[in-house]
Amino acid sequence: DALLISGALGIGSLGIGGAVTIINVSENVIASVGGTVNAGTIITSGDILILSNFDETISGHAYAGGAGLVGIAAQIVSIKDSGTIKATLVDSSVIEQADDVTLSAKLTQTLWGQSIGGAIGAVAVGVSIASITSEGTVETSLGNGVQIGQTVGKTVGDLALALMVTTTGFAQTIAVAAGAGISAAGADADVDLKRALKTKIGNNAAIKLSGNLSLSGVSAMDADARAI
């Protein structure tokens, strides 16, 4: 998790306050299994779980004020998160025996940006910007040439490849300008949630199951941008 706060205050005949908060995160969370795998014993089978899970909360804030004959306040918050969350069975891997085989990639993410400022003066200018971006991939995959349930006398039950993404993005900007002569204020808030979900079965994969094959992807994205 990350929390970053910036602030500034300028007072004088020319009062300038500027605050900038920039957070860039690029995560790579990869869970992989390779080689020949058997779950259980000669008598009983067990389960195989390949899980890649990432949970994060990022909060960025910028506060600025300017007061004077000329008052200027500008504040910017930029949060960008990208990267890969991946669960994979690598190329040429073999699963001979198992009850349930599950590959699961999961991302839970909250991105929160707030930019607030005000300017007071005979000439007053206030600008407030907040931008939030979530991109990258959440992926499950079976590599090229993977063999599952191909061994004589051994079985694999169910195979599931599951994706789940829950992302909340909130951007709030407030810009205030109060002047006896000229005053201008501008606020812009932007939230862009574009995380991709991918499930892939590679070339020449051989899969034999006594149960079911399941491919699933669930994405819940909530974007809220408020500019005042």
Side-chain angles (χ1 to χ4, degrees), residues 1-2 24-59 79-112 133-169 193-223:
D1 293 350
N24 291 320
V25 178
S26 181
E27 73 280 347
N28 288 286
V29 182
I30 300 175
S32 63
V33 170
T36 300
V37 182
N38 285 272
T41 66
I42 296 176
I43 300 174
T44 61
S45 292
D47 298 329
I48 296 173
L49 172 62
I50 305 172
L51 172 63
S52 179
N53 182 34
F54 189 63
D55 190 341
E56 71 171 351
T57 299
I58 297 176
S59 183
I79 299 173
K80 183 177 181 180
D81 183 278
S82 63
T84 300
I85 315 299
K86 183 176 181 180
T88 182
L89 189 63
V90 302
D91 292 350
S92 302
S93 297
V94 177
I95 296 181
E96 295 185 336
Q97 175 179 296
D99 278 339
D100 296 328
V101 178
T102 303
L103 286 77
S104 177
K106 181 179 179 182
L107 172 65
T108 303
Q109 183 180 64
T110 300
L111 306 176
W112 206 92
T133 302
S134 176
E135 59 186 14
T137 61
V138 178
E139 179 179 345
T140 55
S141 66
L142 303 178
N144 297 325
V146 163
Q147 297 185 45
I148 298 175
Q150 302 297 308
T151 303
V152 176
K154 296 183 178 182
T155 61
V156 175
D158 299 326
L159 173 62
L161 284 74
L163 301 169
M164 180 173 288
V165 175
T166 303
T167 299
T168 300
L193 307 181
K194 51 186 178 181
R195 186 79 59 160
L197 282 71
K198 297 181 180 181
T199 294
K200 178 183 177 182
I201 297 178
N203 297 325
N204 301 315
I207 302 172
K208 181 180 179 181
L209 306 172
S210 62
N212 300 314
L213 171 62
S214 172
L215 307 177
S216 65
V218 177
S219 178
M221 297 189 182
D222 183 12

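- Counting only heavy atoms from C-beta outward, the side chains of Leu89 and Ile148 approach each other to under 4.5 Å.
- Taking NZ of Lys86 as the start and OG of Ser52 as the end, the distance is 10.0 Å to the nearest 0.5 Å.
- At least one donor-acceptor pair closer than 3.5 Å links the side chain of Asp1 to the backbone N or O of Thr57.
- Here the closest heavy-atom approach between residue Ser93 and residue Gly34 is recorded as OG-CA, 3.2 Å.
- At a threshold of 4.5 Å between non-hydrogen side-chain atoms, the residues Leu159 and Leu103 count as touching.
- Atom NZ of Lys208 and atom CG of Leu213 lie 15.5 Å apart (nearest 0.5 Å).
- Between the CG atom in Asn204 and the CD atom in Gln147 there is a gap of 10.0 Å [rounded to 0.5 Å].
- You'll find the side chain of Val29 stays beyond 4.5 Å of the side chain of Asn53, heavy atoms only.
- Rounding to the nearest 0.5 Å places NZ of Lys200 at 11.5 Å from OG1 of Thr140.
- Looking at heavy atoms from C-beta onward, Ile48 lies out of side-chain contact with Val33 at the 4.5 angstrom threshold.
- Heavy atoms only, all atoms of each residue included: Leu193 and Ala223 are closest at CD1-CB, 4.0 Å.
- Distance check: Leu111 CG to Lys80 NZ gives 13.0 Å after rounding to the nearest 0.5 Å.
- Side-chain contact annotation: Thr88 with Ser32, donor-acceptor N/O pair under 3.5 Å absent.
- Under the 4.5 Å side-chain criterion, counting only non-hydrogen atoms from C-beta, Gln150 is not in contact with Val94.
- Residues Ile85 and Glu27 form a side-chain contact, since some pair of their non-hydrogen atoms from C-beta on lies under 4.5 Å apart.
- Scanning all heavy atoms of the two residues, the minimum distance from Gln109 to Arg195 falls at NE2-NH2, 3.3 Å.
- Atom NZ in Lys106 sits 8.5 Å away from atom CG in Leu51 (nearest 0.5 Å).
- By the 4.5 Å heavy-atom criterion applied to side chains, Leu142 and Ile201 are counted as neighbours.
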(Q) With side chain to side chain contact (heavy atoms under 4.5 Å, CB included) as the criterion, how do Thr108 and Met164 come out once you've worked through the C-alpha distance, each side chain's angles and the decisive distance to 0.1 Å? (A) CA-CA 8 Å; Thr108 303; Met164 180 173 288; over 6 Å; no
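- The minimum heavy-atom distance between Ala87 and Ile50, with the atom names listed, is CB-O, 3.6 Å.
- Using modelled atom types and a 3.5 Å distance limit, the side chains of Gln97 and Asn38 yield no donor-acceptor pair.
- Counting only distance, with no hydrogens or angles, the side chain of Asp91 and the backbone of Asn144 share a donor-acceptor pair below 3.5 Å.
- Not one N or O on the side chain of Asn28 forms a donor-acceptor pair closer than 3.5 Å with the backbone of Gly83.
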